[in-house]
Amino acid sequence: MKRFHFDTRREEAAHRAQAWGVVNHDYFGDLRVQCLDDGPFDAEFAAYEVGPLRMYRIDAPAHRVWRDAAVRELPSDGFYKLVLQLAGRAEIRQHGRGPTAAVLPAAMLRQGKR
């Protein structure tokens with residue numbers, strides 16, 4: 001299994017958001033990143049590769065990630081994506097629309113409820 005780990009706390013506080021943007025770009029393509037939290041941007045990113053399966057763990061304060069309208073394709077466009085959010089709030093939009101399916105909280109999934 002291949003593993004990569006990045007922690008913004010290794011960077012100077014003034015450069016953490018920019019470093020986070022670079023890591024997002026390296027793994028997900030030409031995306032834009034904007035920090036929404038007023039505090040220090042203390043974030044961690046871990047990537048795991050097991051054969052063709054790729055898993056990512058992101059622990060970060062509030063931030064926005066988006067694809068610029070000029071970017072037509074990203075390296076991850078052909079992949080199936082499953083998001084399991086353990087805490088906080090997320091909004092996922094595509095072409096100006098939100099999700100059409102309900103997302104169960106992770107605690108419910110761990111308990112086997114539907």
Minimum side-chain heavy-atom gap H25-L31 below 4.5 Å: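 No; the side chains remain at least 4.5 Å from each other.
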Can you find a pair of side-chain heavy atoms, one from F6 and one from E11, that are under 4.5 Å apart?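 SC-SC contact between F6 and E11 confirmed.
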Enter the distance from [X]:[atom1] to [Y]:[atom2] here, rounded to the nearest 0.5 Å.
{"X": "T8", "Y": "E44", "atom1": "OG1", "atom2": "CD", "answer": "8.0 Å"}
{"X": "D7", "Y": "F45", "atom1": "CG", "atom2": "CZ", "answer": "12.5 Å"}
{"X": "W66", "Y": "Q34", "atom1": "CH2", "atom2": "CD", "answer": "5.0 Å"}

Could you check whether R16 makes a cation-pi contact with W20, meaning its NZ or CZ is under 6.0 Å from the centre of the six-membered ring and within 45° of the ring axis?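 No, R16 does not lie over the aromatic ring of W20.
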Side-chain donor-acceptor pairs under 3.5 Å in residues 47-60, sequence neighbours left out?
none

Please find the pair of heavy atoms, one from D37 and one from P61, that lie closest to each other, and give the distance.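 That would be OD2-CB, 3.8 Å.
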What are the two closest non-hydrogen atoms of V33 and H63, and how far apart are they?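 Looking at all heavy atoms of both residues, the closest pair is CG1-CD2, 4.2 Å.
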With clusters defined by side-chain heavy atoms of hydrophobic residues (ILVMFWY) lying less than 4.5 Å apart, directly or transitively, does V65 cluster with V23?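 Same hydrophobic cluster.
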